[in-house]
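Data block below; observations after.
Below, all heavy atoms of this structure are taken into account, side chains as well, without hydrogens, waters or symmetry copies. In what follows, residues are counted from 1 in the order of the sequence shown.
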Amino acid sequence: MRGILDWLKEEENTFFALHVAGLFVLAFAAESLAPAWTKVVYPALLLLAAASFMWNYPVKAIKNHGLFSEYAIESRLLWLVLLGALTEYLAYDLCECKNEWLYAGVAIVAGLLIAFYSRSRLHERIIGARGFK
């Protein structure tokens, strides 16, 4: 849990997390208000979130990444789209009032924890292979 809190302290990561949370809130609102428009609204929300992410990105915070800053931004954008699709699925499932939303939510959280843990481990191994601590 401490690692997640440390991760959220960075301005770029907070910006990213707010976009993912915003996507969920907007998807839930769209599904609640106009469920017939899901096929149009969900892709539009993903595109708008990606555009907003790139348009408003806190570029002053990229000094830490050096040469890899553009790669880090593109990686976060890819994660935004992936997590956005997952949160839209969760919002859809919640609004359909099926009992499966709990299972879907648990599966999404477990999958994300595994993905973040494996990425963190890969990062540590790459740093070790380069000879850094």
Side-chain angles (χ1 to χ4, degrees):
M1 188 65 166
R2 183 175 161 241
I4 292 174
L5 293 176
D6 290 340
W7 182 82
L8 277 173
K9 286 181 183 176
E10 292 182 34
E11 183 182 5
E12 295 167 294
N13 296 333
T14 303
F15 181 74
F16 168 77
L18 287 174
H19 269 76
V20 172
L23 260 172
F24 174 74
V25 169
L26 290 174
F28 187 78
E31 187 62 33
S32 296
L33 299 174
W37 288 88
T38 301
K39 291 180 182 179
V40 175
V41 173
Y42 281 4
L45 285 177
L46 281 176
L47 288 172
L48 288 173
S52 170
F53 185 78
M54 290 184 288
W55 188 269
N56 299 307
Y57 196 84
V59 292
K60 293 181 180 178
I62 64 172
K63 291 179 183 176
N64 301 352
H65 305 298
L67 296 174
F68 300 105
S69 61
E70 194 170 345
Y71 168 75
I73 294 169
E74 291 170 351
S75 175
R76 283 187 181 99
L77 184 61
L78 179 63
W79 274 104
L80 175 68
V81 171
L82 176 68
L83 294 176
L86 290 174
T87 58
E88 287 175 347
Y89 171 77
L90 189 59
Y92 175 78
D93 223 27
L94 281 171
C95 289
E96 291 294 315
C97 298
K98 296 179 182 175
N99 294 334
E100 300 160 3
W101 69 268
L102 180 61
Y103 301 121
V106 169
I108 289 170
V109 169
L112 289 175
L113 288 175
I114 291 168
F116 284 125
Y117 177 75
S118 63
R119 190 238 175 247
S120 176
R121 183 175 182 274
L122 175 64
H123 189 329
E124 290 173 5
R125 289 179 53 214
I126 289 172
I127 289 172
R130 290 182 179 158
F132 299 107
K133 290 185 179 182

*Please list, chain by chain and in numerical order, all residues satisfying side-chain contact (heavy atoms from CB on, under 4.5 Å) with Glu74, sequence neighbours excluded.*
Glu70
*Atom CG in Leu80, atom OG in Ser52: separation rounded to 0.5 Å?*
9.0 Å
*Residues in ring-ring contact (aromatic ring centres under 6.0 Å, His included) with Phe24, at least two apart?*
none
*asked:* On a heavy-atom basis, which atom in Phe53 and which in Ile73 lie closest, and how many Å separate them?
replied: CE2-O, 4.0 Å
_Would a single hydrophobic cluster contain both Leu23 and Leu48, if residues Ile, Leu, Val, Met, Phe, Trp and Tyr are joined by side-chain heavy-atom contacts under 4.5 Å?_
no
Exercise answer: donor-acceptor pairs, residues 26-37 side-chain atoms, under 3.5 Å, sequence neighbours excluded:
from  : atom 1 : to    : atom 2 : distance (Å)
Glu31 : OE1    : Thr38 : OG1    : 2.6
Glu31 : OE1    : Tyr42 : OH     : 3.3
Ser32 : OG     : Phe28 : O      : 2.9

_side chain to side chain contact (heavy atoms under 4.5 Å, CB included) assessment of Phe16 paired with Leu83_ = CA-CA 10 Å; Phe16 168 77; Leu83 294 176; 3.6 Å; yes
*With sequence neighbours left out, write down each residue that passes ring-ring contact (aromatic ring centres under 6.0 Å, His included) with Tyr117, or none if nothing qualifies.*
none
_Side chain proximity check, Phe15 to His19, heavy atoms < 4.5 angstrom_ = yes
*Can you get from Tyr89 to Leu82 by hopping between Ile, Leu, Val, Met, Phe, Trp and Tyr side chains that sit under 4.5 Å apart?*
yes
*asked:* Run the salt bridge (Lys or Arg N to Asp or Glu O under 4.0 Å) test against Lys39 and tell me which residues pass, sequence neighbours left out.
replied: none
*asked:* Under 4.5 Å between side-chain heavy atoms, counting indirect links through other Ile/Leu/Val/Met/Phe/Trp/Tyr residues: same cluster for Met54 and Leu46 or not?
replied: yes
*Any donor-acceptor pair under 3.5 Å from Thr14 side chain to Glu10 backbone*: yes
*asked:* According to a hydrophobic-cluster definition based on side-chain heavy atoms being under 4.5 Å apart (Ile, Leu, Val, Met, Phe, Trp, Tyr only), do Trp79 and Leu18 belong together?
replied: no
